Amino acid sequence: MIALLLTACTAPSVDHMTGRPNFPAVPEVAAEPEVPGFEARTVRDAFAQRDFLRHLEALQDIADEHDGNRAAGTAGYEASARYVEKQLRAAGYETERQEFDYREDRRGSRIETFSVLADTAGDPDHTIVVGGHLDSVRRGPGINDNASGVAAMLETALWLAESGVAPANRVRFAFWGGEEDGFYGSDHYVEELTDEELAATALNLNVDMVGSPNGVRSVHDGDGSDFGNGGPDGSLDIEEVFFRFFEENSLAAETTPFDGGSDYAPFLDAGIAAGGLFTGDSATKSAEQARAYGGVAGRDLDPCYHESCDTIDNVDEDLLEDMSGALAYATAAFAMTSQE
């Protein structure tokens, strides 16, 4: 059984120049994970058989039954969380709700909500946080943004459990609440970490909008070499692992900037290596991108971004499959690499 582990970590050493704890090195990853079945091509083949649609349908049904949305603090969000918890528990995970509250700027109301956390076994001194937001905007059901990411995370978690392989490093799956109002769930999570827990957080993999109907395969620019805003040490390693998956499977991919627009931001601010996957929102697809990925040049990557039409019909299932495979591959690559 995969269990929730909240083991206290050994106190880290402190950098006497900065006063901050020394973070563990990002796990070094070989050309391919050494565990059979976790190679890039094998993972893609496995994820071609995963049932993502059932998660999208379930979250769409929940939105339909709750005023058309799954926003933080609503009954639709509560039902979404119960669905995620049920899936994880059936696979052998224990789950925890991390509660928090915040004042929503637009309405001025106090929102009480939570994030859902679940851990694998593995070394808690090298924790891989795989995160994506569970909430939608109030204007729509949020199926690409971000039920697509939720589906990718759930299938990654279920696939790891089914493999029967115990990770060397602990993986924490975090389904954030309050992202659409300002990254409140991920920010609360990072703020609540003790120095020891902060030092034990090796990296963050973020997944937000991975089924855009006119989308592209993009990976966050870890070292800033393309867009000038790189992440902390180790972020380039994450970028390279994602690109390895796409290259090994002959899939076009490109970089996207760390622009502070998703739940990786609190991790970057805390000095934690981060990376992630994104298929696009309101940006316009270029002619070059249309040649590389298909789709329609001159049209938004997601014309229904933050709108009521972000329904199950707004998701490219093939693109979701590709990006989910990349998430699973990177998660396994870092989780299976022993630091001994």
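Just so it is clear, the model here is predicted, and its values are computed rather than measured.
- The backbone N or O of Pro232 sits less than 3.5 Å from a side-chain atom of Ser235, completing a donor-acceptor pair.
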Exercise for the section: Please step through side-chain contact (heavy atoms from CB on, under 4.5 Å) for the pair Glu288 and Glu254, ending with a clear verdict. Expected result: CA-CA 12 Å; Glu288 181 180 2; Glu254 61 188 67; over 6 Å; no
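- With rounding to the nearest 0.5 angstrom, the OG atom of Ser212 is 10.0 Å from the CG atom of Leu320.
- Summarising the geometry, atom CZ belonging to Phe334 is positioned 5.0 Å from atom CD1 belonging to Ile238; distances are rounded to the nearest 0.5 Å.
- Taking CD from Glu104 and CG from Asp181, the interatomic distance works out to 4.5 Å, rounded to the nearest 0.5 Å.
- Taking the ring centroids of Tyr329 and Trp159, they lie at or beyond the 6.0 Å cut-off.
- With respect to Ile62, the side chain to side chain contact (heavy atoms under 4.5 Å, CB included) criterion is satisfied by exactly one of Arg82, Arg70, Glu57: Arg70.
- In this structure, Tyr77 has its ring center closer than 6.0 angstrom to the ring center of Phe114.
- Atom CG of Asp226 is surrounded by more than 12 heavy atoms from other residues, nucleotides or ligands within 6.0 Å.
- Considering only heavy atoms from C-beta on, Thr331 comes within 4.5 Å of Leu160 through its side chain.
- Heavy-atom minimum distance, Gly37 versus Thr42: O-CG2, 3.6 Å.
- The neighbour count for Arg41 CZ, taken as heavy atoms of other residues, nucleotides or ligands under 6.0 Å away, does not exceed 12.
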Exercise for the section: Check step by step if side-chain contact (heavy atoms from CB on, under 4.5 Å) holds for His306 and Glu180. Expected result: CA-CA 9 Å; His306 282 184; Glu180 294 293 6; 3.0 Å; yes
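- For Met153 against Gly132, the heavy-atom pair with the smallest separation is SD-N, 3.3 Å.
- In the hydrophobic clustering of this structure, Phe245 groups with Val219; members are Ile, Leu, Val, Met, Phe, Trp, Tyr whose side-chain heavy atoms approach within less than 4.5 Å, directly or through other members.
- Using a 4.0 Å cut-off between a side-chain N of Lys or Arg and a carboxylate O of Asp or Glu, Arg97 and Glu85 qualify as a salt bridge.
- Under the 4.5 Å side-chain criterion, counting only non-hydrogen atoms from C-beta, Thr284 is not in contact with Leu301.
- How far CZ of Arg299 is from CG of Asn214: 5.5 Å, rounded to the nearest 0.5 Å.
- Proximity of a side-chain donor or acceptor of Asn249 to a complementary backbone N or O of Leu251 within less than 3.5 Å is not detected.
- Among Leu205, Thr156, Thr127, Thr120, the one residue that satisfies the side chain to side chain contact (heavy atoms under 4.5 Å, CB included) test with Val171 is Thr120.
- Residues Glu155 and His55 have side chains in contact (heavy-atom distance under 4.5 Å, counting atoms from C-beta outward).
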Practice task
Just do the side-chain contact (heavy atoms from CB on, under 4.5 Å) check on Val315 and Phe52 with the steps written out, would you?
Solution key: CA-CA 11 Å; Val315 173; Phe52 305 98; over 6 Å; no
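- In terms of modelled atom types and a separation under 3.5 Å, the side chain of Asp316 and the main chain of Asp318 share a donor-acceptor contact.
- Checked against the 6.0 Å centroid criterion, the rings of Tyr184 and Phe100 do not qualify as a close aromatic pair.
- Side-chain N or O atoms of Thr337 include one that pairs as donor or acceptor with a backbone N or O of Ala333 at under 3.5 Å.
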Practice task
Might you work through the side-chain contact (heavy atoms from CB on, under 4.5 Å) test for Tyr189 and Leu117, ending with a clear yes or no?
Solution key: CA-CA 10 Å; Tyr189 174 84; Leu117 308 177; 4.1 Å; yes
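- Looking at heavy atoms from C-beta onward, Met323 lies in side-chain contact with Phe246 at the 4.5 angstrom threshold.
- Asp322 places a side-chain heavy atom less than 4.5 Å from the side chain of Arg217.
- Taken from CG in Asn204 to CZ in Phe267, the straight-line distance is 4.5 Å, to the nearest 0.5 Å.
- Both Val150 and Leu53 are members of a single hydrophobic cluster when ILVMFWY side chains are connected at heavy-atom separations under 4.5 Å.
- Shown here for Tyr293 and Lys285, the closest heavy-atom pair between the two residues is CB-NZ, 4.1 Å.
- Ile143 and Tyr305 fall into different hydrophobic clusters, where Ile, Leu, Val, Met, Phe, Trp and Tyr residues are linked whenever their side-chain heavy atoms come under 4.5 Å apart, directly or through other members.
- By the 4.5 Å heavy-atom criterion applied to side chains, Arg172 and Thr201 are not counted as neighbours.
- Linking Ile, Leu, Val, Met, Phe, Trp and Tyr whenever their side-chain heavy atoms come within less than 4.5 Å leaves Leu268 and Trp176 in two separate clusters.
- Atom CG of Asp233 is surrounded by 12 or fewer heavy atoms from other residues, nucleotides or ligands within 6.0 Å.
- In plain terms, the two heavy atoms of Ala270 and Leu198 that are nearest each other are CB-CD1, 4.1 Å.
- Closest of all the heavy-atom pairs between Phe278 and Val210 is N-CG1, 4.3 Å.
- At distances below 3.5 Å, not a single donor-acceptor pair connects side-chain atoms of Glu179 with backbone N or O atoms of His133.
- Cluster annotation: Phe175 and Tyr83 are assigned to the same hydrophobic cluster (Ile/Leu/Val/Met/Phe/Trp/Tyr, side-chain heavy-atom contacts under 4.5 Å, transitive).
- Tyr93 and Phe173 have perpendicular rings, their planes meeting at more than 60° on a 0 to 90° scale where under 30° would count as parallel.
- Expressed to the nearest 0.5 Å, how far CG of Leu134 lies from CG of Leu59 amounts to 7.0 Å.
- Looking at heavy atoms from C-beta onward, Thr95 lies in side-chain contact with Arg89 at the 4.5 angstrom threshold.
- No side-chain heavy atom of Glu307 sits less than 4.5 Å from a side-chain heavy atom of Asn314.
- Side-chain atoms of Thr311 come within 3.5 Å of backbone atoms of Asp313 as a donor-acceptor pair (strictly under, hydrogens ignored).
- Other residues, nucleotides and ligands contribute only 12 or fewer heavy atoms inside 6.0 Å of the CD atom of Glu112.
- Nearest heavy-atom pair across Gly234 and Ala273 is C-CB, 3.7 Å.
- Of the possible polar contacts, one joining the Asp310 side chain to the Asn144 backbone as a donor-acceptor pair under 3.5 Å is found.
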